[in-house]
Amino acid sequence: MSERSAAPGSLALVESLVNTLDIESGTDALDTADGRARFGLTEEEVPGARELRESLRAALLAHAGHPAHAQVRPLGELLASAPLHVTVDAADGSAALAPADEAPAGAGRLHSRIAEAVAAALIAGTWLRLKACESDTCHWAYYDRSPAGRGRWCSMQVCGARAKMRRYRAK
């Protein structure tokens, strides 16, 4: 939906997972083998990935100051059991979080990768800039690069223009 560039760093994974569902058309990329392969999922793991996706969407709506789109399991609860470990580079001593090697493949591994992405974004100060479009027929994830961090729509040309036209017509 969006013409915006992808979110920075590992937030691109979060953004791409949330954007596997096109709410307006009802198309879900996780219904296809290619869509599942992007995240290393089997068909059986899709329900867990969908639950994670919708919890992420609720968090991104909250970043934009909007209520959750649906009743979802809290994101913190979903990510609490995601195994992560700290890696330390022997050459320069830099440290980072990474999904634990013992994380199960598929949905469990996806939860760990998402938890790592969220943690890295928190450290970088970029987590709150990942938002969901305020349009009820969209809720597409986008990275808000506006100077004040007050972006409202994934696309000014589509969702923003529609909202402005609705307001104009209501007058």
Does [X] reach the main-chain N or O of [Y] with its side chain, forming a donor-acceptor pair under 3.5 Å?
X: S55; Y: R73; value: yes
X: S94; Y: D89; value: no
X: H63; Y: L130; value: yes
X: R53; Y: L17; value: no
X: H139; Y: C133; value: yes
X: R129; Y: S146; value: yes
X: E116; Y: P99; value: no

Handout entry: Pair D34, T32: side-chain N/O donor-acceptor within cut-off below 3.5 Å
Key =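 Per modelled atom types, D34 and T32 side chains form no pair under 3.5 Å.
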Handout entry: salt_bridge(E54, R57) N-O dist < 4.0 Å
Key =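 Salt bridge: yes.
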Practice task
Give a yes or no on whether a salt bridge exists between D28 and R36, defined as a side-chain N under 4.0 angstrom from a carboxylate O.
Solution key: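 Looking at R36 together with D28, the answer is no, because their closest N to O distance does not fall below 4.0 Å.
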Exercise for the section: List the atom of A49, the atom of L41, and the distance in Å for their closest heavy-atom pair. Expected result: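 Result for this residue pair: CB-CD1, 3.5 Å.
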Exercise for the section: Quick one: pull up NE2 in H69 and CG in L60 and give me the separation to the nearest 0.5 Å. Expected result: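 The distance works out to 10.0 Å.
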Exercise for the section: Taking atom CD of E43 as the centre, report whether more than 12 heavy atoms of other residues, nucleotides or ligands fall under 6.0 Å from it. Expected result: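 Count not over threshold, so no.
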